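Here is the naming used below: chain letters follow the sequence lines, and residue numbers restart at 1 for every chain. Predicted model only: the values in this text are computed from it and were never measured.
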Number of protein chains: 2
Amino acid sequence: MTEQEKSYHHGNLASALIAATVEIIDERGVDGLSVREVAKRAGVSPGAPFRHFSSKAALLTAVAEQAMERLVAAVEVAQADDDDTDPLAQIERIGLGYLEWATQNPTHFQIVSSRSLIDFNGSATLRQMNDGIRTRMADLLERAQQAGQLTANADTEALVLSCRAFVYGLARMAADGHFPEWHPNGEPLDLMRRALADFIAGMRA
Amino acid sequence: MTEQEKSYHHGNLASALIAATVEIIDERGVDGLSVREVAKRAGVSPGAPFRHFSSKAALLTAVAEQAMERLVAAVEVAQADDDDTDPLAQIERIGLGYLEWATQNPTHFQIVSSRSLIDFNGSATLRQMNDGIRTRMADLLERAQQAGQLTANADTEALVLSCRAFVYGLARMAADGHFPEWHPNGEPLDLMRRALADFIAGMRA
DNA sequence: GCTATATGTAATCATCGATTACATCCACAT
DNA sequence: ATGTGGATGTAATCGATGATTACATATAGC
């Protein structure tokens, strides 16, 4: 990345474009992003990006895929290594990891969750990663039920949705600007932590 | 509205523009909306809308205000008239009214909740209505706690956030297309109903 | 080396949000 | 009634944008 300066070909424009896109979105928000400026920042002509991404949505989808990978990674890191851990505690860890990542990477989370800007259904990768988290939580809930941690005739299907919606709701509220003043790791996250803990507690039999 | 046909002045362009905006968004989504087509559909020149709304965001903000009024109305209708009702049941009713409205009016809900497209902070009306719902729920939770329906030392602040996030999360998931196939009043709403009931039940002492 | 292909450029289009100067209409004071 | 000023709509135009096309240049494999 140091001195290849003036070669006709960029080398790896695709990744450079993704990086530039993230930069711009960090600075000016998801709106206010133009392919032209992405191109300019990568040092190429305005039409060049379309060689690698057939549309602006395709570019953003690529960014979303990269972001989703990090989100999944964060969620996995957050889980306890011990596989015998209390399933509900494990769910809480997942939720917390999700929330921490979402609040600390609002830009990326916004891209991942706003499906009007990206082609979610067109990306098998995105769907896989999305389903991965969901089935993981479904498994944990199933295990919790078999361990007798939930009410006997618990509606697991509804509970899976509950967990997803609860965490998604908190993350989305933050990303959508429902917390007027805040800064990452500040009080809102603390509040969210307490809310999450209460929520998990409420599920216990 | 029948035969004023060819008068230079439209009469009430502002509301006609809002209506046209909603129409277009219903047809083609929030993106894919252009002020020009709004103008065309209202039968005026491309610049005319800017006499009434200083920007595209201002137009969408007006749409959001109208939508928010309906949402608030739906939430109020959903509540039990009897003011001695169980506070937690009242909260459940509010949540259900919110969810039903959001799922039956996905377009409007999307506009209300996506604050990147509208000038939320610039609209006192929007903030008031938003705060109205929140304080209403805070009051109900306070009352529930005093009635001993919650655990003794319940964290009311966290609980208010929990309720908001839970309902918002469900509504947003629906609006964001997290339920692949569905149609209003169909199974997803049923599932959401069950999830909401479980959630409220989980808060009970 | 020669050539097929991948990659970037230049030029161009239609569309969009927004602004400006001008036209038209309506209400109100006289 | 009148005619004047503010409100409302039109016409023309600007700069930026997403996207496409024809062309130039570099790279890889034979």
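If you take CZ of A:Phe50 and P of D:dA22, they are 17 Å apart, rounded to a whole angstrom. Distance, A:Leu13 CG to D:dT25 P: 18 Å, rounded to whole Å. Distance NE2 (A:His52) to C1' (C:dT5): 14 Å, rounded to an integer number of Å. B:Glu37 places its CD atom 10 Å from the P atom of C:dG17, with the value rounded to the nearest Å. Rounded to whole angstrom, the span from the CZ atom of A:Phe53 across to the C1' atom of D:dT20 amounts to 18 Å. At whole-Å resolution of the value, CG in B:Asp31 and P in C:dC16 are 13 Å apart. B:Arg36 places its CZ atom 6 Å from the C1' atom of C:dC16, with the value rounded to the nearest Å. Atom-to-atom, CZ of B:Arg51 to P of C:dT24 comes out at 15 Å; the value is rounded to the nearest Å.
Toward the 5' end of DNA chain C, the nearer of the two residues B:Ala57 and A:Ala48, judged by each one's closest nucleotide, is A:Ala48.
Base contact: B:Ser45 has a heavy atom under 4.0 Å from a base atom. Here B:Leu59 lies out of heavy-atom contact (under 4.0 Å) with every strand.
Every residue two or more places apart in sequence or in another chain was checked for a ring-ring contact (aromatic ring centres under 6.0 Å, His included) with A:His108, and none qualifies. Residues that satisfy the side-chain hydrogen bond (donor to acceptor under 3.5 Å, both in side chains) test with B:Arg51, not counting sequence neighbours, are absent from this structure.
Side chains of A:Arg143 and A:Gln90: no donor on one and acceptor on the other come within 3.5 Å. Side-chain contact annotation: A:Arg172 with A:His178, donor-acceptor N/O pair under 3.5 Å absent.
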